[in-house]
Amino acid sequence: GQLHLQSELQIGVAGQTAILNCGETSSLLTKLVFSKGKATMTNRSEIDRKSKHLKVLDLRLSDAGTYTCEYDSYIVSISLHVFQLTISLDGRFLPNEVPELTLMQSSSSLPDLAITVFDSNKNTVRSTLSENTTPQKYILKLKQLEATDSGTWMCHIHSDSPLINQNISFDVKVLGFQNPNLERKYATVDSTVILSWLLNFQKIKWKEDFTGQLNWKQQESATAHELLDFSVTARGEQHETKKSSHFRFETPESKPEGTIKVELPKVHFNHSGQYKCELAYKGRYVQSMIELVVMKVSASHVGPLPRGAEMTLTCQVSGPLSSNTHLLWERVNGTQMDIKKSKQHEVKVEVNVSAAGLWTCHLIEDNDRKISLHYAVEETPVWNTYVEIGASIGGSVLALGLVCLCIISSIRRQRRQQRRKRMAQARQYLLENKTCQCQR
């Protein structure tokens, strides 16, 4: 009988399963011929006798070609075109890394492809073709990744001739922090401060070992001190080791899983600085930093303010402030005159006080009061003033009395000396007179 020829184009994706349909009306599969005359995938293929489909498992680029299926008077020719999509670093990234997609197509025919990439939120991802791209091998550089980019992405392949519209999904996992890269935290001296970093390894189902550590240094140029190190296993088990440090801190026992947390009880002014949490995976690193700024207030005079005297109140922070942040002294229930604001980038502000009252220093960022500290100025009580005046007068009178006493005593001493001198002279006179009378 007359042979009926039928040809089809079918698209397959490497690593997936391809099902080649030998025709809906076939009653008996009589002949199956592989391209190139070789059955290269016999250990990965099977024929379904009911549906007359050829199922090829774990498809490879080398499986591409023309498959001929003969039954009755029909010959069905299936042209299998295979795409192989690979992503750099096995799809496991750290933030700021740039993924590279490689799309290979089987060499039997090389249609001109248009490739569009969508992220897990179905947004189009900007991509650029590498200069190493060839008609068979397309290499695309994608955007810099963020920790929030984890999920299933899609690569859409389009060709006008032959007509191809194929989607290939791939997983992107970005290990990192759910904190921002840089966070600024404000605290008042002697308060309790909690610093925490939330890792995303559980959320993205990361199945690889990685390590990390928490360091502190007072300023950028200072030496870093390791506070603790930690490791996370492929099963998600977290282990921490506390290191010696320059100050006391706690690692709370109860905390959410996947969290690094430290507590600083009664924080000191010099506990400020950069707290940097760093993750390490296969020699690559990502970090998140919390900058701790500590505020304190002090006075030039300790104790109550004497009447008529003046003292200086100082409000100071431990590190430089950003341009949108400033310090502000204000007197509680005071007037506009009782307000003193720091200049841009100043780390302290002073106010001169000559009367009792409650003063508050605020740290303000973008018109938002972040932290405040109070300082109560007290005047010396009135009776204290009288006592002081009385003591002063009494002291003066006593001093005057002592001076008078000294003068009187001195006069008396001089008079006694003069009297003794006159008596001595008189005795001498009498003796001389007696001697004269005897000689006569």
Side-chain angles (χ1 to χ4, degrees), residues 7-21 34-36 38 40-41 44-45 55-67 77-175 204 208 281-282 284:
S7 60
E8 296 177 5
L9 172 67
Q10 189 160 336
I11 304 301
V13 177
Q16 297 182 10
T17 298
I19 297 176
L20 306 184
N21 188 350
F34 290 101
S35 61
K36 307 174 194 172
K38 293 183 191 173
T40 54
M41 79 295 278
R44 294 180 289 110
S45 63
K55 184 189 284 188
V56 184
L57 308 173
D58 190 19
L59 203 60
R60 298 172 189 173
L61 276 175
S62 57
D63 296 337
T66 303
Y67 291 77
S77 175
I78 300 171
S79 177
L80 178 62
H81 194 77
V82 179
F83 291 113
Q84 182 184 65
L85 183 72
T86 53
I87 183 167
S88 56
L89 301 174
D90 292 326
R92 297 184 186 94
F93 301 95
L94 298 181
N96 299 320
E97 292 182 338
V98 177
E100 195 172 82
L101 274 186
T102 302
L103 181 70
M104 296 276 290
Q105 60 176 333
S106 47
S107 57
S108 53
S109 64
L110 298 171
D112 189 23
L113 304 177
I115 301 169
T116 311
V117 179
F118 299 93
D119 65 16
S120 56
N121 295 317
K122 298 182 180 176
N123 298 317
T124 305
V125 176
R126 181 178 49 83
S127 61
T128 53
L129 274 175
S130 166
E131 55 189 22
N132 297 324
T133 292
T134 65
Q136 186 181 2
K137 185 178 183 180
Y138 288 73
I139 301 172
L140 291 90
K141 288 189 180 295
L142 306 182
K143 63 160 192 171
Q144 267 195 342
L145 293 173
E146 300 172 13
T148 52
D149 284 326
S150 297
T152 301
W153 290 35
M154 187 73 71
C155 177
H156 178 73
I157 305 160
H158 174 78
S159 166
D160 288 330
S161 179
L163 183 60
I164 297 173
N165 280 299
Q166 181 67 38
N167 288 327
I168 305 176
S169 61
F170 59 97
D171 285 333
V172 172
K173 292 182 188 291
V174 188
L175 178 67
I204 65 173
E208 299 277 326
Y281 171 66
K282 292 189 175 179
R284 293 136 57 199

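Computed from a predicted structure; not experimentally measured. Quick note: numbers below take in every heavy atom, side chains included, and nothing from hydrogens, waters or symmetry partners.
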TODO: Please assess Leu129 against Leu140 for the test side-chain contact (heavy atoms from CB on, under 4.5 Å), listing each intermediate value before the final yes or no.
DONE: CA-CA 5 Å; Leu129 274 175; Leu140 291 90; 4.0 Å; yes
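- Side-chain contact between Arg60 and Gln84 is absent, with no heavy atoms from C-beta onward closer than 4.5 Å.
- Between the side chain of Thr133 and the backbone N or O of Ile139, at least one donor-acceptor pair lies under 3.5 Å.
- Residues Ser120 and Asp149 approach most closely at OG-O, 4.0 Å, considering heavy atoms.
- Atom NZ of Lys55 sits in a sparse spot, with 12 or fewer heavy atoms from other residues, nucleotides or ligands closer than 6.0 Å.
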Open item on the list: Evaluate Gln166 against His158 for side-chain contact (heavy atoms from CB on, under 4.5 Å), listing each step before the verdict.
Closed with: CA-CA 7 Å; Gln166 181 67 38; His158 174 78; over 6 Å; no
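- Between the Arg44 side chain and the Leu57 main chain, a donor and an acceptor come within less than 3.5 Å of each other.
- In this structure, the side chains of Ile87 and Leu85 stay at 4.5 Å or more apart for every pair of heavy atoms.
- The two residues Ala14 and Val82 make their nearest non-hydrogen contact at N-CG1, 3.9 Å.
- Residues Ser88 and Glu97 are not in side-chain contact: their nearest non-hydrogen atoms beyond the backbone lie 4.5 Å or more apart.
- From Asp90, atom CG reaches atom CD of Glu208 across 8.0 Å, with rounding to the nearest 0.5 Å.
- To the nearest 0.5 Å, atom CG of residue Leu20 and atom OH of residue Tyr67 are 6.5 Å apart.
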TODO: Would you sort out whether Ser159 and Leu113 count as a side-chain contact (heavy atoms from CB on, under 4.5 Å), showing the intermediate values?
DONE: CA-CA 5 Å; Ser159 166; Leu113 304 177; 4.0 Å; yes
- [ ] Could you go through the side-chain contact (heavy atoms from CB on, under 4.5 Å) check for Arg92 and Val174 one step at a time?
- [x] CA-CA 6 Å; Arg92 297 184 186 94; Val174 188; over 6 Å; no
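- From Leu94, atom CG reaches atom CD of Glu146 across 14.0 Å, with rounding to the nearest 0.5 Å.
- Taking CG of Asn167 as the reference point, atom CZ of Phe118 lies at 8.0 Å (rounded to 0.5 Å).
- Distance CG/Leu145 to CZ/Phe93: 6.0 Å, rounded to 0.5 Å.
- Contact record, Val117 with Phe170: CG1-CZ, 4.1 Å, taken as the closest heavy-atom pair.
- Pairing each heavy atom of Ala18 with each of Leu59, the nearest pair is CB-CD2, 3.8 Å.
- Using a 4.5 Å cut-off on side-chain heavy atoms (C-beta onward), Ser161 and Pro111 make no contact.
- The shortest distance between side-chain heavy atoms of Phe83 and Ile157 falls below 4.5 Å.
- At least one side-chain heavy atom of Leu103 sits under 4.5 Å from a side-chain heavy atom of Ile168.
- Judged by distance alone, with hydrogens and angles left aside, the side-chain atoms of Lys173 form a donor-acceptor pair with the main-chain N or O of Ile204 at under 3.5 Å.
- Separation of atoms CD1 (Ile164) and CG (Leu9) is listed at 6.0 Å; rounding is to 0.5 Å.
- Between the side chains of His81 and Gln10, no donor-acceptor pair is found at a separation under 3.5 Å.
- Leu101 is listed as a side-chain neighbour of Leu142, based on a closest heavy-atom distance under 4.5 Å.
- Within the 4.5 Å cutoff, the side chain of Gln105 has heavy atoms near those of the Leu110 side chain.
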